[in-house]
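The structure appears right after this line, and notes come after that.
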There are 2 protein chains.
Amino acid sequence: MARSARAVAYEVLQRGIASGEYPPGSWLREEDVAAAAGVSRTPVREALHRLQAEGLVQILRNRGAVVVGWTARDLDDIYDLRVLLEGYGVRRAAQARENVDFDGLRAMCTEMELLLPGAAEPELQRIGGLCIDFHVTLNQASQNRQLIAIIPTLLATPFVREAFHHHTHHDLERAFAFHREILEALEEGDGEWAEGVMRAHLRAGRRSLRQMEQEQRTSDVGDPGRASA
Amino acid sequence: MARSARAVAYEVLQRGIASGEYPPGSWLREEDVAAAAGVSRTPVREALHRLQAEGLVQILRNRGAVVVGWTARDLDDIYDLRVLLEGYGVRRAAQARENVDFDGLRAMCTEMELLLPGAAEPELQRIGGLCIDFHVTLNQASQNRQLIAIIPTLLATPFVREAFHHHTHHDLERAFAFHREILEALEEGDGEWAEGVMRAHLRAGRRSLRQMEQEQRTSDVGDPGRASA
DNA sequence: AAACCCCTGATTGGATACAAGCGATGATCT
DNA sequence: AGATCATCGCTTGTATCCAATCAGGGGTTT
């Protein structure tokens with residue numbers, strides 16, 4: 001078990017934020033997080049800085065880190081960028097098929113499809129992870145270093161990480177079909193096709209999340225966390 | 001002078017990398033950098049992590065940080081993304097003109113234009129900084145948090161930071177004209193126009209940098225730094 | 001002679017100790 | 001009473017210290 005303390009702290013924070021243990025607007029005190037993660041403050045600080053880079057927390061000088069809140073606008077913003085960047089990513093991937101890990105990608109597709117029938121919480125969690133991996137792997141084939149660095153950051157946002165939780169069975173089936181079609185387009189080397197499917201896939205995903213956002217909003221207490229200063 | 005030690009370390013590293021003091025492939029030992037910056041290792045570590053996030057260095061576990069090298073492909077990759085993202089950014093800005101800091105942007109334009117005639121090294125440096133500020137400010141008007149976080153990272157790459165150094169007088173004049181035209185389009189609220197100008201601006205900029213890359217390549221010792229593992 | 005293994009030096013990863021800064025509370029003054 | 005200012009406590013920022021880990025060199029073995 002050679003996991004670094006920083007990785008432990010990072011995961012504790014990420015899970016805590018995603019699960020609602022650290023709700024938007026709450027302060028993350030280094031000492032507390034360190035105790036919760038069983039490490040010292042040093043790796044916690046590094047994890048917090050990384051989370052700030054990912055936009056999950058905001059660090060105020062000499063005051064600490066606060067969990068940022070997410071609005072429906074943020075969801076739109078993220079998906080705008082995903083459409084642009086991932087569309088570009090698969091277009092580039094289609095132009096360099098030799099970089100595409102078809103075997104790995106197909107394996108992910110298959111596993112997701114097998115998990116879907118009778119999808120309980122743990123399976124859904126696994127599907128969500130696989131879906132993120134799928135997109136990350138896809139973009140790696142673009143061979144664009146900057147893009148490869150940006151995509152995981154975008155996919156680390158709670159919206160994306162928790163997306164599987166808010167999709168219907170039908171949504172997921174459609175998403176999986178899109179995944180397969182993207183691979184098909186890539187095998188053909190048809191970048192336009194691949195990009196089109198990707199854009200459709202992401203737009204559809206955004207639509208599902210938006211609907212659920214609206215439903216949840218009725219029983220919501222407002223927007224406690226969006227720090228603006 | 002309330003500058004944090006981390007900021008000092010970060011700037012020392014960034015300057016050192018840009019200036020060639022730390023050439024691609026060289027190792028950045030925390031102790032040495034700490035001594036050079038006049039701080040302790042702790043803030044140096046944090047600065048190195050930030051530079052890794054920006055893609056300027058690569059940190060190998062238990063082995064340290066190595067300066068990454070940049071190839072002509074990286075230049076193309078970065079500008080591909082800039083075209084996509086900054087194009088989107090100004091399009092969005094045109095849809096929300098009230099967020100655009102026209103006064104500030106115009107002031108930057110004016111200062112750049114005034115500095116240009118008789119441009120010695122320090123003036124060019126200032127122009128480069130202003131140009132980056134101009135683009136950052138522009139993208140802030142998009143109000144897309146993720147975009148606002150990504151753009152400075154892209155503009156932190158040596159290619160962009162040193163770009164002014166490799167543009168001809170004529171290149172800069174053209175760039176400044178593009179800047180003015182972008183503002184004009186934004187005032188009209190014409191997102192298509194603004195995006196088109198931005199894309200042209202960036203394509204032209206890339207072209208200039210590419211040419212200079214090729215010229216320099218003749219007297220170059222190869223590619224020592226592009227760490228791939 | 002070549003390959004392997006252990007040992008050592010150097011460097012990072014992490015923990016602790018100390019200093020500095022911010023915010024809140026409470027006293028004082030108007 | 002309201003506002004202002006100083007003080008105190010809590011939290012972060014930085015420095016230093018110790019432990020873990022990797023690379024390289026030298027010796028041994030086959």
Side-chain angles (χ1 to χ4, degrees), chain A residues 1-17 21-68 224-225 227-229, chain B residues 1-17 21-68 224-225 227-229:
Chain A
M1 185 73 88
R3 286 260 306 276
S4 68
R6 183 179 351 148
V8 173
Y10 176 78
E11 288 182 22
V12 166
L13 283 166
Q14 187 167 268
R15 290 184 121 75
I17 291 172
E21 184 186 354
Y22 304 126
S26 62
W27 290 89
L28 299 171
R29 274 170 302 180
E30 297 176 357
E31 198 75 50
D32 297 350
V33 178
V39 298
S40 86
R41 274 179 52 210
T42 308
V44 171
R45 283 179 58 93
E46 298 181 351
L48 283 173
H49 282 289
R50 178 170 164 195
L51 287 167
Q52 182 180 39
E54 291 174 352
L56 289 176
V57 308
Q58 186 171 9
I59 296 176
L60 288 79
R61 183 178 166 125
N62 284 317
R63 296 192 46 204
V66 59
V67 181
V68 309
S228 56
Chain B
M1 185 74 85
R3 286 261 305 274
S4 70
R6 182 181 352 149
V8 172
Y10 176 77
E11 288 181 21
V12 164
L13 283 166
Q14 186 168 270
R15 291 185 121 74
I17 291 171
E21 184 186 353
Y22 304 128
S26 63
W27 289 90
L28 298 172
R29 274 169 302 180
E30 296 177 357
E31 198 76 50
D32 298 350
V33 177
V39 298
S40 85
R41 274 180 52 207
T42 308
V44 171
R45 283 181 53 122
E46 297 185 349
L48 284 172
H49 282 288
R50 177 171 164 192
L51 288 167
Q52 183 181 38
E54 292 173 351
L56 290 175
V57 309
Q58 187 170 11
I59 296 176
L60 289 77
R61 187 183 164 117
N62 283 317
R63 295 194 46 204
V66 60
V67 182
V68 309
S228 55

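A, B, ... follow the sequence lines: proteins, then strands. Residue 1 opens every chain.
In this entry the distance linking CZ of A:Arg6 with C1' of D:dA20 reads 14 Å, nearest Å. Put simply, CZ on B:Arg3 is 15 Å from P on C:dG21, counting in whole angstrom units. Taking atom CD on B:Glu46 and atom P on D:dT14, their separation rounds to 7 Å, with Å as the unit. Atom CD in A:Gln58 sits about 15 Å away from atom P in D:dT12, given to the nearest Å. The distance between atom CD of A:Glu30 and atom C1' of D:dT14, rounded to the nearest whole Å, is 12 Å. Note: CH2 (B:Trp27) to P (C:dA10) measures 17 Å, nearest angstrom. Distance, B:Ile59 CD1 to D:dC22 P: 16 Å, rounded to whole Å. Whole-Å rounding puts the A:Asn62 CG to D:dT11 P distance at 14 Å.
Among all heavy-atom pairs drawn from B:Ala37 and B:Val12, the shortest one is CB-CG2, 3.9 Å. Shortest non-hydrogen contact noted between A:Ile59 and A:Ala65 is CG1-CB, 4.0 Å.
Between B:Thr42 and B:Arg29, the residue whose closest nucleotide on DNA chain C is further toward the 5' end is B:Arg29.
Within the 4.0 angstrom heavy-atom criterion, only backbone atoms of the sugar-phosphate kind lie near A:Leu28; the bases stay farther away.
With respect to B:Glu46 and B:Arg50, no salt bridge is recorded, no charged nitrogen being found less than 4.0 Å from a carboxylate O.
Considering only side-chain N and O atoms, A:Arg45 lies under 4.0 angstrom from the phosphate OP1 or OP2 of D:dG13. Remark: B:Arg61 is not in phosphate contact with C:dG13, judged by side-chain N or O atoms under 4.0 Å from OP1 or OP2. Contact annotation: A:Ser40 reaches the phosphate of C:dA15 (side-chain N/O to OP1 or OP2, under 4.0 Å). Close to D:dA23, at under 4.0 Å from its OP1 or OP2, lies a side-chain N or O of B:Arg63.
Side-chain atoms of B:Arg41 lie closest to D:dC17 of the nucleotides D:dC17, D:dG13, C:dA15.
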Test side-chain contact (heavy atoms from CB on, under 4.5 Å) applied to A:Leu28 and A:Asp32, step by step: CA-CA 7 Å; A:Leu28 299 171; A:Asp32 297 350; over 6 Å; no
Stepwise, does the side-chain contact (heavy atoms from CB on, under 4.5 Å) test hold for A:Leu51 with A:Glu54? CA-CA 5 Å; A:Leu51 287 167; A:Glu54 291 174 352; 3.8 Å; yes
